[in-house]
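The block underneath contains the structure these notes are about, expressed in structure tokens.
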Amino acid sequence: MAPHATGTPPSLSPSNSFSGSPITVLASSRAVVAGRITEATIVISTTTGKITTIFHSVLPASDFPPGTPYRDYTPHILLPGLVDAHVHLNEPGRTEWEGFWTGTRAAAFGGVTTVVDMPLNAIPPTTTVANLHEKVEAAQGKCWVDVGFYGGIIPGNADELLPLVDAGVRGFKGFLIDSGVPEFPAVSSNDISLALTALSSAPTTVMFHAEMIPPLSMSVGDVSHTSHPPNVPTGPLNTYQTFLDSRPPSFETYAISEVLSLAHLAPNLPLHIVHLSAIQAIPLLQEARRSGVKITAETCFHYLSLAAEGVEEGDTRHKCCPPIREQSNQHGLWAELKKEGTDGEDGVIKTVVSDHSPCTPDLKLLPEHVDISKSNTSVQEDTKEAEKGDFFAAWGGISSVGLGLSILWTEGQKRDVSIEDVVRWCCKNTAKQVGLGHRKGDLGVGYDGDICVFDDEGEFTVEHSSMLFRNKCSPYENRRLKGVVKETWLRGKRVFSRERGFAEKAGPAGDLLLEPRKHKA
Ligand SMILES: NC(=O)NC(NC(N)=O)C(=O)[O-]
Ligand SMILES: [Zn+2]
Ligand SMILES: [Zn+2]
């Protein structure tokens with residue numbers, strides 16, 4: 001046996017194989033194994049889909065029995081499949097916005113092998129066990145990657161929360177501001193208290209969309225002095241700055257203070273702020289962590305790659321909540337993110353996710369001058385002239401599932417980001433956040449054989465053929481990105497290849513990840 005092997009030697013007896021070989025072997029001179037780049041030969045059981053052995057060198061095919069599927073991908077990098085812990089798949093109920101089939105194919109295209117579906121925008125929302133069952137029913141047989149589900153916290157559903165934990169949700173999300181859909185109302189501080197109390201010793205994570213309209217007296221200083229509440233537009237509705245001014249950083253800091261003021265109700269429960277945008281919130285979170293509050297935050301590919309200064313008039317593809325802020329804010333997010341994993345530092349932003357929240361293009365109310373892919377017919381024919389480009393009336397949400405790795409890699413070129421950093425933020429930490437750290441987010445013995453084959457030197461332009469989500473409407477369209485996913489492997493099966501497409505004959509191989517989260521020892 002080669003030196004430096006970890007794990008048990010592969011059982012090479014062909015008798016326990018269903019596909020002719022009991023193992024599949026992927027090798028490369030560069031792989032991110034246990035968080036470090038190394039040479040590796042990865043052996044995956046074809047029966048369990050688990051990694052059985054990793055050799056820390058590139059072994060030749062001749063070291064394995066004849067007929068063993070083997071490929072040396074050198075010089076491409078083998079990464080753990082990405083875990084995108086924030087995706088809105090919208091099925092059932094708003095399947096014209098997205099769906100399990102299209103959303104998970106878009107994920108597989110980008111090396112994402114696990115997505116965790118948000119509890120809102122589908123109808124019904126995932127706020128009861130019965131509703132979770134409807135979602136699971138709708139997902140059967142349609143998923144090209146593994147899919148987990150969050151539960152939702154809304155007013156009045158505190159009694160559903162523990163049953164949802166037992167039913168296998170990977171965490172919960174509640175809104176402190178209007179969510180944009182009527183069936184998922186915002187929670188009050190009383191609702192949060194009830195939820196935290198109900199879940200105080202449950203093995204889960206409670207996450208918040210942290211924006212709140214602060215009392216008027218507290219908003220002074222955020223926006224130019226006005227007597228308006230900040231959420232009321234004070235300029236042209238199709239100018240991005242008007243929208244940005246309407247959701248200032250104080251919305252995020254105020255909401256996070258609210259969450260922190262209730263954290264004592266569940267001191268052992270992990271809390272998490274989704275899609276953090278405002279850097280002004282970072283000191284609050286740092287201080288809370290220093291005083292022992294178990295709170296983390298995620299940011300999104302768009303906050304790290306787009307900036308308010310670059311949003312053209314009426315280009316509502318950039319609308320999301322909280323908003324994309326100025327370039328200086330983006331720098332601050334990067335600085336905090338890069339602390340994560342640095343010796344002696346404690347970054348509060350642990351993860352980077354897509355927050356893929358699509359809709360049909362008509363709801364984006366795009367004006368004609370915003371040139372989007374013409375694959376979506378009758379895009380804005382019905383839009384009233386007055387509404388075109390209106391940042392307030394347009395749906396808030398950015399489409400990017402499956403583009404994240406390349407977006408981050410492209411941005412990272414300017415910022416001394418290593419591939420190990422990307423794996424930590426998008427694989428290891430996201431898997432841990434959703435209670436899947438024992439089987440996802442890393443390459444190691446006993447982990448699922450989820451592998452992204454990444455050409456870190458390749459480039460592509462985002463166009464129709466690289467946006468596999470249902471509606472081709474994304475601010476990344478026509479952008480040139482660095483880093484191409486060549487293949488995506490899910491539990492030892494190749495589900496996607498850039499050259500050969502999807503494993504159509506085998507069909508969707510994704511599992512629904514409903515194993516309940518485990519109590520910490
Ligand atoms: N209803 C939504 O999908 N909202 C989402 N929208 C964004 N982020 O703009 C979100 O996650 O809050
Ligand atoms: Zn949100
Ligand atoms: Zn979201």
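For ligands, and for the atoms within them, numbers begin at 1 and follow the listed sequence.
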His88 versus Glu98, side-chain donor and acceptor atoms under 3.5 Å: no

Distance filter under 2.8 Å, centred on the Zn ion (ligand 2) - protein N, O or S atoms that pass it: Lys173 NZ, His209 ND1, His275 NE2

Sub-4.0 Å heavy-atom approach of Phe184 to ligand 1: no

Intermediate values then yes/no, ring pair (Phe, Tyr, Trp, His ring centres under 6.0 Å), Phe175 and Phe184: CA-CA 8 Å; Phe175 272 71; Phe184 203 95; 5.8 Å; yes

4.5 Å side-chain heavy-atom contact, Phe301 and Val352: yes

Minimum side-chain heavy-atom gap Ile295-Leu260 below 4.5 Å: yes

Ligand 1 atoms in contact with Leu120 (distance to a heavy atom under 4.0 Å): 1 (N)

Protein heavy atom at shortest distance from atom 12 (O) of ligand 1: His209 ND1, 2.9 Å

Flag side-chain contact, heavy atom, 4.5 Å: Thr488 against Phe109: no

Location of contacts on Met118 toward ligand 1, heavy atoms closer than 4.0 Å: neither

Pick from Pro322, Cys321, Pro358, Ser277: the one approaching atom 7 (C) of ligand 1 most closely through a non-hydrogen atom: Cys321

Salt bridge present between Glu183 and Arg94 (N-O < 4.0 angstrom): yes

Minimum-distance protein heavy atom relative to atom 2 (C) of ligand 1: Asn121 ND2, 3.5 Å

Nearest neighbour in protein (non-hydrogen) for atom 11 (O) of ligand 1: Lys173 NZ, 3.0 Å

Distance-only donor-acceptor check, side chains Asp245 and Thr242, under 3.5 Å: no

Glu336 bridged to Lys350 by N-O distance under 4.0 Å: no

Any Ser179 heavy atom less than 4.0 Å to ligand 1: yes

Within-4.5 Å side-chain heavy-atom neighbours: Leu306 and Pro475: yes

Steps toward ring pair (Phe, Tyr, Trp, His ring centres under 6.0 Å) verdict (Trp144, Phe502): CA-CA 9 Å; Trp144 287 82; Phe502 285 86; 5.3 Å; yes

Those atoms of ligand 1 less than 4.0 Å from some heavy atom in Ser357: 2 (C), 3 (O), 5 (C)

Aromatic ring pairing Phe391/Phe243, orientation class (parallel under 30°, perpendicular over 60°, tilted between): parallel

Ligand 1 atoms in contact with Gly397 (distance to a heavy atom under 4.0 Å): 9 (O)

Distance filter under 4.0 Å to Gly396 heavy atoms, resulting ligand 1 atoms: 6 (N), 7 (C), 9 (O)

Close side-chain approach of Phe460 and Ser406, heavy atoms under 4.5 Å: yes

Ligand-residue contact atoms, ligand 1 with His86, heavy atoms, under 4.0 Å: 11 (O)

4.0 Å heavy-atom contact, Trp395 with ligand 1: yes

Protein contact of atom 8 (N) of ligand 1 - nearest heavy atom, named by residue and atom, plus distance: Asp355 OD2, 2.7 Å

Beyond-backbone contact of Leu513 with Val147, side-chain heavy atoms, under 4.5 angstrom: no

Phe469 and His356: CA distance, side-chain angles, deciding distance, ring pair (Phe, Tyr, Trp, His ring centres under 6.0 Å) verdict: CA-CA 9 Å; Phe469 30 86; His356 175 73; 5.2 Å; yes

Short N or O distance, Val181 and ligand 1, threshold 3.5 Å exclusive: no

Ligand-side contact atoms (ligand 1) for residue partner Cys320, heavy atom cut-off under 4.0 Å: 9 (O)

Non-hydrogen side-chain atoms of Leu436 and Arg170 separated by less than 4.5 Å: yes

Sub-3.5 Å N/O-N/O distance, Lys319 and ligand 1: no

Angle, NE2 of His88 through the Zn ion (ligand 3) to NE2 of His86 - 10° precision: 110°

